[in-house]
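Remarks on the structure that follows.
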Amino acid sequence: MDVIGMYGLAGRRAIACGSTQGIGRACAMQFARLGAEVTLVARDEAALRRVRDELPAGEGQQHRYLCADFNEPDALAEKVRAYLAETGPVQILLNNSGGPPSGPILEAKTVDFVSAFARHVLCNQLLVQAVLPGMKESGYGRIMNIISTSVKEPIPGLGVSNTTRWAVAAWAKTLAGEVAKYGITVNNILPGYTDTARLAELIEVKAQRGGISEDAVRHEMIGKIPMGRLGTPEEIAAAAGFLASPAASYVTGINLPVDGGRTGSL
Ligand SMILES: NC(=O)c1ccc[n+]([C@@H]2O[C@H](COP(=O)([O-])OP(=O)(O)OC[C@H]3O[C@@H](n4cnc5c(N)ncnc54)[C@H](OP(=O)(O)O)[C@@H]3O)[C@@H](O)[C@H]2O)c1
């Protein structure tokens with residue numbers, strides 16, 4: 001395989017979840033740019049249509065979307081199964097959804113933990129069960145989970161998220177061991193502070209709770225990043241493009257921080 005083939009995704013089909021904005025959208029754009037046919041998944045149908053129409057289609061790909069809610073894992077899985085039966089297998093799955101609400105862990109309610117577990121762990125599990133037969137049949141499978149650097153160093157004020165991301169990381173590591181024999185890889189991408197609507201919301205909440213300005217919160221965040229700036233969704237997507245490609249065939253079960261050097265632990 002030549003170098004373009006090693007890093008390209010032509011002839012592959014991808015499902016990119018949480019892809020109407022932010023990191024998921026950037027990953028969908030990257031998969032399409034690399035030649036994959038992309039199916040977007042999120043709740044907002046107008047936004048899905050808009051993003052689908054923006055996806056590059058240089059390989060003649062027919063991009064599609066599925067309107068589904070990660071708060072309803074069984075309905076989501078049912079929709080994806082029916083969709084795969086109709087359109088054929090996918091070889092790439094990006095698990096991604098909206099992050100859990102922020103706040104001190106002591107203030108978190110039972111429902112916060114239960115819904116975060118459902119949206120992240122259960123949805124990932126059900127989606128993998130749906131796509132795996134097609135990946136085996138295709139002889140190619142790349143499963144990527146967008147989680148957080150909190151699996152290396154829990155982030156204060158994100159108690160429910162910290163807890164849920166660890167559950168996803170443990171789930172992914174276990175899964176990676178089970179599917180490796182089929183040449184299917186499972187990896188986690190750990191975005192650092194990335195300039196998206198989610199980060200803007202976290203900054204707003206932190207500023208309100210601390211009685212300080214959003215600029216001050218942003219400044220404090222940037223001060224912790226050796227590169228001295230926030231990440232862009234495209235920088236996270238570049239890592240997803242690599243992990244989805246044939247070039248990453250021997251990389252599995254890892255946690256890959258894309259964080260400008262912020263995470264202090266190894
Ligand atoms: N940005 C950061 O600095 C950062 C850092 C570390 C980790 N992360 C994590 O990375 C993930 C993506 O972050 P982001 O910043 O790109 O978030 P974002 O800008 O809030 O985008 C979230 C995406 O997920 C979709 N979504 C949200 N809830 C959904 C649901 N119930 N069902 C289906 N789709 C849903 C949204 O589309 P619809 O509203 O159309 O459904 C949207 O496309 C999150 O889990 C976040 O916590 C982000």
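FYI, side chains are in, hydrogens and waters are out, and symmetry mates aren't considered; it's all heavy atoms of this structure. Predicted model only: the values in this text are computed from it and were never measured. Order of listing sets the numbers, starting from 1, for every ligand and every atom in it.
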Geometry only, no angles: is [X] polar-contacting ligand 1 at N/O separations under 3.5 Å?
X      : answer
Arg165 : yes
His120 : no
Ile23  : yes
Tyr193 : no
Pro100 : no

Best match, Gly192, Ser148, Pro257: closest heavy atom to atom 5 (C) of ligand 1: Gly192
For ligand 1, which atoms have a heavy atom of [X] less than 4.0 angstrom away?
X      : result
Gly98  : 24 (O), 26 (N), 27 (C), 28 (N), 45 (O)
Asn71  : 31 (N)
Ile147 : 6 (C), 7 (C), 8 (N), 9 (C)
Gly22  : 16 (O)
Phe70  : 30 (C), 31 (N), 32 (N), 33 (C)

Within 45° cone of Tyr65 ring axis and under 6.0 Å: Arg49 NZ or CZ: no
Cation-aromatic face contact Arg142/Tyr140, 6.0 Å, 45 degrees: yes
Side-chain donor-acceptor contact under 3.5 Å, Thr149 with Arg262: yes
Heavy atoms from other residues, nucleotides or ligands near CD of Glu214 exceed 12 (cutoff 6.0 Å): yes
CZ (Phe242) with more than 12 external heavy atoms under 6.0 Å: yes
Which protein non-hydrogen atom lies closest to [atom], naming both residue and atom, and how far is it?
atom                    : value
atom 18 (P) of ligand 1 : Gln21 NE2, 3.3 Å
atom 43 (O) of ligand 1 : Thr20 OG1, 2.6 Å
atom 45 (O) of ligand 1 : Ser97 O, 2.8 Å

Salt bridge (charged side-chain N to carboxylate O under 4.0 Å, His left out) pairs, two or more places apart, involving residues 89-114: Glu107-Arg209
Qualifying side chain to side chain donor-acceptor pair (under 3.5 Å) pairs, either residue in residues 82-92, two or more places apart: Arg13-Thr87, Thr39-Tyr83, Gln91-Ser138
Which is it for [X] and ligand 1 at heavy atoms under 4.0 Å: side chain, backbone, both or neither?
X      : result
Ser19  : backbone
Ile146 : side chain
Arg119 : side chain
Asn96  : side chain

Leu122, Asn96, Leu127 screened by side-chain contact (heavy atoms from CB on, under 4.5 Å) with Phe70, the one that passes: Leu127
